[in-house]
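Structure first, commentary second.
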Amino acid sequence: MPTTATPPTPLDILGQVFGYSDFRGPQQAIVEHVVQGGDALVLMPTGGGKSLCYQIPAIARQNAGHGVTVVISPLIALMHDQVGALHEAGVSAAFLNSTQTQEESSALEKQLLRNELTLLYAAPERINTPRMKGLLGSLHERGQLSLFALDEAHCVSQWGHDFRPEYRSLSLLHETFPDVPRIALTATADALTRQDMIERLKLEDAREFVSSFDRPNIRYTIVEKTNATHQLLRFIESEHAGEAGIVYCQSRKRVEEVAGLLEDAGLKAMAYHAGLDSSLRQQRQDRFLREEGMVMVATIAFGMGIDKPDVRFVAHLDMPKNIEGYYQETGRAGRDGLPANAWMAYGLQDVVNQRRMIDTSEAASEEFKQVMRGKLDALLSLAEDTRCRRVALLHYFGEDSLPCGNCDNCLNPPKVWDATEAARKMLSCIYRVQQASGISFGAGHLMDILRGKATEKVLQHGHDKLSTFGIGADLAEVQWRGVLRQLIAKGMVRVDPDAFNTLQLLPDARQVLKGEVSVMLREQAAGASADRRKKTTKTSAKGLAEASLNAGALERLARLKAWRAEVAREHNLPAFVIFHDATLRAIAERAPQSRADLEGISGMGAKKLEAYGQEVLRVCRTES
Ligand code: ADP
Ligand code: ZN
């Protein structure tokens, strides 16, 4: 590294190495603090740009002669690509994990001792081996241990959803090398987890940088489930044909089913869950990252650290457990800042299932269950909310905001109706049936009674004689389902998993029966709503992203994409590591004639300009 001229500033590095002209949000403050040797705790949403917060300090501190930055990350399966991306940008980096041979590890150690690396990625379990400790000790003695970056730092806490016991021993790093600065990063904002993380990692003195959790380019939509897979297909076909996305389902079985269904419909889809063996999982993850327009149907086992920038949609076919989970998962869409969709279908069965999982979980204490119920309720209110989804989401994370204009409720304001009377009818019907027959019944049967449907079962039990028979004929079944969902969510009705999912009244039902609380619900326009919504929100991700390009630019873009795919294959890296879509789009639009035309394009760092500039110009000039 040259030391004569004034060293590049963090902003210079951002431009020269990564090809970006501005820092995002608090990136600059974080980078400057860490370059100076300060400890930092960074809370930033998924896609907020955490990597640069330690990569730029690593480069700046290596330039200043401080040696290597050690990045501790649980994402072994992604290290190859992460390091590959740094190489593409001209940064010397390597990773150390259990997939390497003895020879590879020793070669790497030599490189480290020669101070040839700027970043070293390592899994937490590697850090604690005697050999690694010895190596770190030697580096430290030579003044070549610059910084520790603890990625996905919430893994240290059992309150977070990705607890990794190996993370616990990372506090040793600080005890052994107290003078080496540390930066810990996470996208988990939950207060309990945050506090635990600070204590466990001994980060009490670190400066905290909390970003806004808003992801303005993501459009949130939550629809009532009628025929989930059909709705999903319609959503993908109308808004995301040929684009990459993730579909989350609750169970492995459902994942397989839905993946098969999408494939039958002609989409490129794959299943991913913890029941598949690890080589198959790795293979599918690689395909998702490397191939265009792939849809991954997965359980929550998939996604942590997936930094694919052009995931255009995240769909939930089943309701997650809580808002933290929902937000983390939907955050995987649109990391490149281009328009993206977060779409969820939810229904009565989801509420029943989630509620049951909490109630029947044997490991948890009653106190823990109570916390989980509260979190589930918060998600349900989000789903039923008639106000801006973003305002509700950000409020949950402690932020105030104004209606966004980019969620389903802002775009198509739903009506609310006073469902208090209906709720009372439902509750008294449950009560009467139980009283008359001595046993409980399920949701379908109760709705039949309310709506005055003299089914065989109704007649058989004499339920057509009840005073509540037919008192709810004025409402459609979807409306009744909405009412019931709320009553279950609010803990007034229980679905008994041990008795054929029958409904039972809980003590809190009294509040509604006595008229002490009212129940307001969003109006469900039976069936028609989904289609109407589709029309008015047709400014889909794809529409917005490519609409502005003229025919010539579109053609150049297609050629550039084909060229990029070839380079990516040769380098065994995902295409976005070579250039993001947004960068290719900017090139296509500019119709560059010379190298100078390529300078200043976002994502075009010095190394990439040098390595690919000529090729890009050639591809752009080619007449088809
Ligand atoms: P996180 O780890 O917080 O989820 P990443 O570090 O993967 O997010 O960054 C998300 C995306 O944003 C990446 O594709 C990255 O290249 C891009 N990015 C980050 N910072 C900037 C910036 N200052 N300007 C432009 N793009 C950026
Ligand atoms: Zn909104």
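We count ligands from 1, going down the list as the structure has it; atoms in each ligand are counted the same way. Since this is a predicted model, take the numbers as computed values, not measurements.
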Next item on the list: Would you check if the side chain of Arg284 reaches a backbone N or O of Met296 as a donor-acceptor pair within less than 3.5 Å?
Entry: no
Would you list the atom pairs, donor with acceptor, under 3.5 Å between side chains in residues 600-611 and any protein atom, with sequence neighbours excluded?
residue	atom	partner	partner atom	Å
Lys607	NZ	His87	O	3.3
Lys608	NZ	Val577	O	2.9
Lys608	NZ	Ile578	O	3.0

Margin query: Can you confirm if the aromatic rings of Trp343 and Tyr220 lie within a centre distance of less than 6.0 Å?
Written below: no
Next item on the list: Output all residues satisfying salt bridge (Lys or Arg N to Asp or Glu O under 4.0 Å) with Arg389, sequence neighbours left out; order by chain, then residue number.
Entry: Asp408
Margin query: I need the minimum non-hydrogen distance between Lys50 and Pro45, along with the two atoms involved.
Written below: NZ-O, 3.3 Å
Checklist line | Under 4.0 Å from ligand 1 - residues by heavy atom, chain and number | finding: Tyr20, Asp22, Phe23, Arg24, Gln27, Pro45, Thr46, Gly47, Gly48, Gly49, Lys50, Ser51, Leu52, Arg335, His580
Checklist line | Ring-ring centroid check Phe288 Tyr272, cutoff 6.0 Å | finding: no
Next item on the list: Could you tell me whether the side chains of Ser212 and Glu399 share a donor-acceptor contact shorter than 3.5 Å?
Entry: yes
Item checked: the Zn ion (ligand 2) neighbourhood, protein N/O/S only, threshold under 2.8 Å -> Cys388 SG, Cys404 SG, Cys407 SG, Cys410 SG
Item checked: Ring centres under 6.0 angstrom apart (His174, Phe148) -> no
Note to self: Please find the pair of heavy atoms, one from Leu41 and one from Met197, that lie closest to each other, and give the distance.
What the structure shows: CD1-CE, 3.6 Å
